[in-house]
Amino acid sequence: MQTLTTNPSQAAEQFHLAASDRDKSVLANRKAYVGDLTLIGFYPDFFGMVYADEMVKDGSIAAMFFKNRSAKAVDYRMFKSFDDLKAHAEEWSNFEQKRLTNKAEQKLKKSAIDIKDHVAIGDVFTCSWGWEVTYIDYYQIVGFKGKKTVLLREIANNITEDGYNHGRCTPAIDKFIGDEVLEKKVDCRLNSDGVFHGSVRINDVHTACFEHKQSDGTYIPHHWSRDY
């Protein structure tokens, strides 16, 4: 059978020589998964592999596509001819290569972000949580450590009640709750318009997101509710 890439079996063997134990296990599991299908395409950048088998009766081709570290095929389909398979494989591999490039570019942009260029001492992160109720916790930035880490202290809420056990709230700036200072690395990015978005993990279950101010410098009220 024709191949989609040059010497795919040889390329896979070379990849195997330098592969981690985890990747070697993926290769073995894929081989067991495809059975008698032939490897006709290998794309090391995204761990892509294409296995195929030509149907004797009508000349159609059954093909399986793998990528990343999936031990099972991410796509399986029939093609009327090798040309059809080749066209699809080129489109598929180009898309995956572009996805990798975009991911690398985003990672580079993210690594270059210095949060002090986008947030300031006194700004707030908000954590909304609860099951069948909604609690709002606010954390105020009181300092920085490096390019990606903020120092936070929890602050109180300015609360209004719209009814029984529910209402709206905003952060009570400088009204600190306790003395604990949290040192948290910010997971941050800039959207297509250059707007900063960031979040920090307060603990294993709670995440707080950066709170943008309105044009007048105030914060949009959050809904809260409670069961007592």
For the pair F66 and V34, evaluate side-chain contact (heavy atoms from CB on, under 4.5 Å) and give the outcome as yes or no after the intermediate values.
-> CA-CA 10 Å; F66 298 81; V34 300; 3.5 Å; yes
Enter the distance from I220:CD1 to E211:CD here, rounded to the nearest 0.5 Å.
-> 7.0 Å
Mutual orientation of the aromatic rings belonging to H197 and H212 [parallel < 30°, tilted 30-60°, perpendicular > 60°] | perpendicular
Taking atom NZ of K116 as the centre, does the number of heavy atoms from other residues, nucleotides or ligands within less than 6.0 Å exceed 12?
-> yes
With a 4.5 Å heavy-atom cut-off, do D23 and F15 have their side chains touching?
-> yes
Would K184 and F125 count as a side-chain contact (heavy atoms from CB on, under 4.5 Å) if you check the C-alpha gap in whole Å, the side-chain angles of each, and the deciding distance to 0.1 Å?
-> CA-CA 11 Å; K184 296 294 181 179; F125 283 79; over 6 Å; no
Set of side-chain hydrogen bond (donor to acceptor under 3.5 Å, both in side chains) partners for D137, sequence neighbours left out | W129
Taking all non-hydrogen atoms of both residues into account, name the closest pair between C188 and I115 and its distance.
-> SG-CG2, 4.0 Å
More than 12 foreign heavy atoms under 6.0 Å from CZ of R168: is that the case here?
-> no
Determine, using the 4.5 Å side-chain heavy-atom cutoff (strictly less than), whether Y138 and Y135 are members of one ILVMFWY cluster.
-> no
Whether over 12 other heavy atoms sit under 6.0 Å from D216 CG = yes
What are the two closest heavy atoms between S70 and V26, and how far apart are they?
-> O-CG1, 4.0 Å
Side chain to side chain, L27 and M49, heavy atoms closer than 4.5 Å = yes
Flag side-chain contact, heavy atom, 4.5 Å: F42 against T3 | no
Assess the side chains of S81 and D83: does a donor N or O sit below 3.5 Å from an acceptor N or O?
-> no
Nearest heavy-atom pair of R153 and E180: which atoms, and what distance?
-> CG-O, 3.5 Å
Same apolar cluster: L4 and F95, side chain cutoff 4.5 Å = no
Sorted by first residue and then second, give each ring pair (Phe, Tyr, Trp, His ring centres under 6.0 Å) pair with at least one member in residues 170-192; sequence neighbours left out.
-> none
Any side-chain heavy atom of V195 sitting closer than 4.5 Å to one from L190?
-> no
Could you pull out the closest heavy-atom pair between L100 and D45, with the gap in Å?
-> CD1-O, 3.4 Å
Residues two or more places apart in sequence or in another chain: which of them pass side-chain hydrogen bond (donor to acceptor under 3.5 Å, both in side chains) with K185?
-> none
Would a 4.5 Å heavy-atom cut-off, applied to side chains only, mark V50 and F65 as touching?
-> yes
Taking the six-membered ring for Trp, are F210 and H118 ring centroids under 6.0 Å apart?
-> no
Of all residues at least two apart in sequence or in a different chain, which pass the salt bridge (Lys or Arg N to Asp or Glu O under 4.0 Å) check with E161?
-> R226
Grab the two heavy atoms, one from P171 and one from Y219, that are nearest each other, plus how far apart they are.
-> CG-CD1, 3.4 Å
Which is it for N157 and W224 under the side-chain contact (heavy atoms from CB on, under 4.5 Å) test, yes or no, and what are the steps along the way?
-> CA-CA 10 Å; N157 297 10; W224 64 267; over 6 Å; no
Do the side chains of I40 and L85 get nearer than 4.5 Å, heavy atoms only?
-> yes
Any ion pair linking D123 and K213 (charged N to carboxylate O, less than 4.0 Å)?
-> yes
Kindly indicate whether the side chain of V186, heavy atoms from C-beta on, has any atom under 4.5 Å from the side chain of I113.
-> no
May I ask you to check whether over 12 heavy atoms, not counting those of E91, lie within 6.0 Å of atom CD?
-> no
Are Y43 and E96 close enough that some pair of their side-chain heavy atoms sits under 4.5 Å apart?
-> no
Residues that H166 engages under ring pair (Phe, Tyr, Trp, His ring centres under 6.0 Å), provided they are two or more places apart | none
Under the side-chain contact (heavy atoms from CB on, under 4.5 Å) test, residues paired with S199 that sit two or more places apart | D187, T207, C209
More than 12 heavy atoms of other residues, nucleotides or ligands under 6.0 Å from NZ of K145: is that the case?
-> no
Heavy-atom pair with the smallest gap, counting every atom of P221 and T170 = CA-CG2, 3.8 Å
L39 side, atom CG; T5 side, atom OG1 - distance, nearest 0.5 Å = 7.0 Å
Yes or no on side-chain contact (heavy atoms from CB on, under 4.5 Å) for K86 and Q2, after CA distance, side-chain angles and deciding distance?
-> CA-CA 10 Å; K86 183 178 180 180; Q2 300 179 70; over 6 Å; no
Please confirm whether the backbone N or O of D174 pairs with a side-chain atom of Q140, one donor and one acceptor, at under 3.5 Å?
-> yes
